[in-house]
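One structure is given here, and the rest of the page talks about it.
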Amino acid sequence: MGSSPTFRTFFSMANNKKILVINPWIYDFTAYDFWVRPLGLLYLVSLLRRLPEVEVYFLDCLDRSHPGLPHAPRVKEDGRGPFPKEEVPKPEVIKDIPRKFSRYGLPVSIFRQELRRLPLPDLVLVGCVMTYWYPGVQAVIDIIRQEIGSVPVVLGGIYATLLPEHARRHSGADVVVEGPAEKALSIIWEILGRRSGDSSDLTISADDYYWPYYAVLRSKDVLPVETSQGCPLHCTFCASRKLNPNFKQNPAEEVIKFLEMSYRQFAPRHFVFYDDALLVNKDNHIKVILREIIRRGIKAFFHTPNGLQVREIDEEIALLFHRAGFRSLFLSQESFDEAILARCSRKSSPEALPPAMNFLTKAGYRPEEINVYLLVGLPDQEAESVRESILEVKKLGARPRLAFFSPVPGTSEWEHLIQTGKLKKNSDPLLQNKILFPYLWSKITPDKLLELKQLALGNKPSASV
Ligand code: SF4
């Protein structure tokens, strides 16, 4: 078994405080490594490294490159692939859903071995992304208690930010921190028994740009990068504003400096942009970055799984994307149904996709290389509306990709489900899982969804669904 890296450059000192950062398992009906990396925790590690007399250790339950795995998971050419998994009993609230439920990531035995091998931590930090993945946090903290005892455990991340009360009551963490990573710093410092006056490194100013600390990832083949935080738009199903109330772009020259340094240091094959709004202010931001990627010879593949705003794609950006090595483009069309777009998302329109496709194919992309996200499962959405959108995408030769709606707490769509009695404010977050809409509240039944999936995949289109 390989050693989990420590990453302070000084020698370990007896009185140094030891912090263990853990990326927990995913408990879900389905999960796939769609370039999934713990970006929030990599930012946190970067901040922790600023603290004096602190050693940081990292344990990633979703590490597909762990040498202790009984079978090496498959890795596609583009860096994606399945997680190892083990079926687990379904929690009571979802016991009637006719799908298997699994823990995705390292086997529990490997996690325990890693915990035993690492030095005893003074503090454990756990992050969690989706609200309905909280059983992974519970499982990690349970095992921490069994193996280590009463070490303080701090929970942060998107789940803790969106549902802090639930996290306080159910996660098992001693402290729940809402908000971005920098908010956790002074709390961590105090728990470690240091006074805030002991370090000026705790202050993060608005123009202080810090970056994810990749050295803790065992495999650096796929590196996540973010050039901005948040989004200036207000789609009714999206929590971007709640998580980052102020849209902020890092200066293009800082982004490119960081990309080049990471490329030279780690030689990744893939960079994955996690931005919510990569193309905003495109002339001064992404176009500058793309030109520099080309000029500096950064020869990696680039991916955009979070989806690009279709109407921002112009001739120049399409050419720059292609020349810079952007592959597997994902465009956020969401729907061709004007009523849905008017209600939920002003970022797209039915007229936006044809010119974008035209620019991209002229730049050298094959139509089938272009993936177009279409939302399915919105409250009151009809299967026919999704079907027509799929056919519009196929007419242009692109690949329709169904993006399943999940009611994220705090969004208008979540409120709507509560007002219409389909969810309760205090419903178990497991009911926010994106797999559940056909079983719980949608007009799109499981059978209709299956037909839509087959249509999107290219199987024979049915006359209606
Ligand atoms: S454009 Fe994307 S990130 Fe921005 S609010 Fe809409 S869904 Fe969220």
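Order of appearance sets the numbers: ligands from 1, and atoms from 1 within every ligand. Residue indices begin at 1 and follow the sequence shown.
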query = Of the non-hydrogen atoms in F58 and L41, which two are nearest, and what is the gap between them?
reply = CE1-CB, 4.1 Å

task = With F437 as reference, evaluate F405, F237, F404 under the ring-ring contact (aromatic ring centres under 6.0 Å, His included) test and give the passing residue.
result = F404

request  = Do me a favour and list the nearest non-hydrogen protein atom to atom 6 (Fe) of ligand 1 with residue, atom name and distance?
outcome  = C235 SG, 2.3 Å

remark   = shortest atom 2 (Fe) of ligand 1-to-protein heavy-atom contact is with K347 NZ, 3.3 Å

Can any side-chain N or O of [X] pair as donor or acceptor with the backbone N or O of [Y] at less than 3.5 Å?
| X | Y | result |
| --- | --- | --- |
| K85 | A31 | no |
| S406 | Q432 | yes |
| Y365 | F359 | no |

key: N/O/S atom of C231 inside 2.8 Å of atom 4 (Fe) of ligand 1, strictly under   = yes

inquiry  = Show the atoms of ligand 1 that are less than 4.0 angstrom away from any heavy atom in F237.
reply    = 7 (S)

query = Atoms of ligand 1 less than 4.0 Å from L233 heavy atoms?
reply = 1 (S), 5 (S)

request  = Check each of D276, T236, L279 against atom 3 (S) of ligand 1 and report the one with the nearest heavy atom.
outcome  = D276

ask   = Once the angle between the rings of H166 and Y159 is folded into 0 to 90°, is it parallel (under 30°), tilted (30 to 60°) or perpendicular (over 60°)?
value = perpendicular

query = Would you say C238 reaches atom 8 (Fe) of ligand 1 with an N/O/S atom under 2.8 Å?
reply = yes

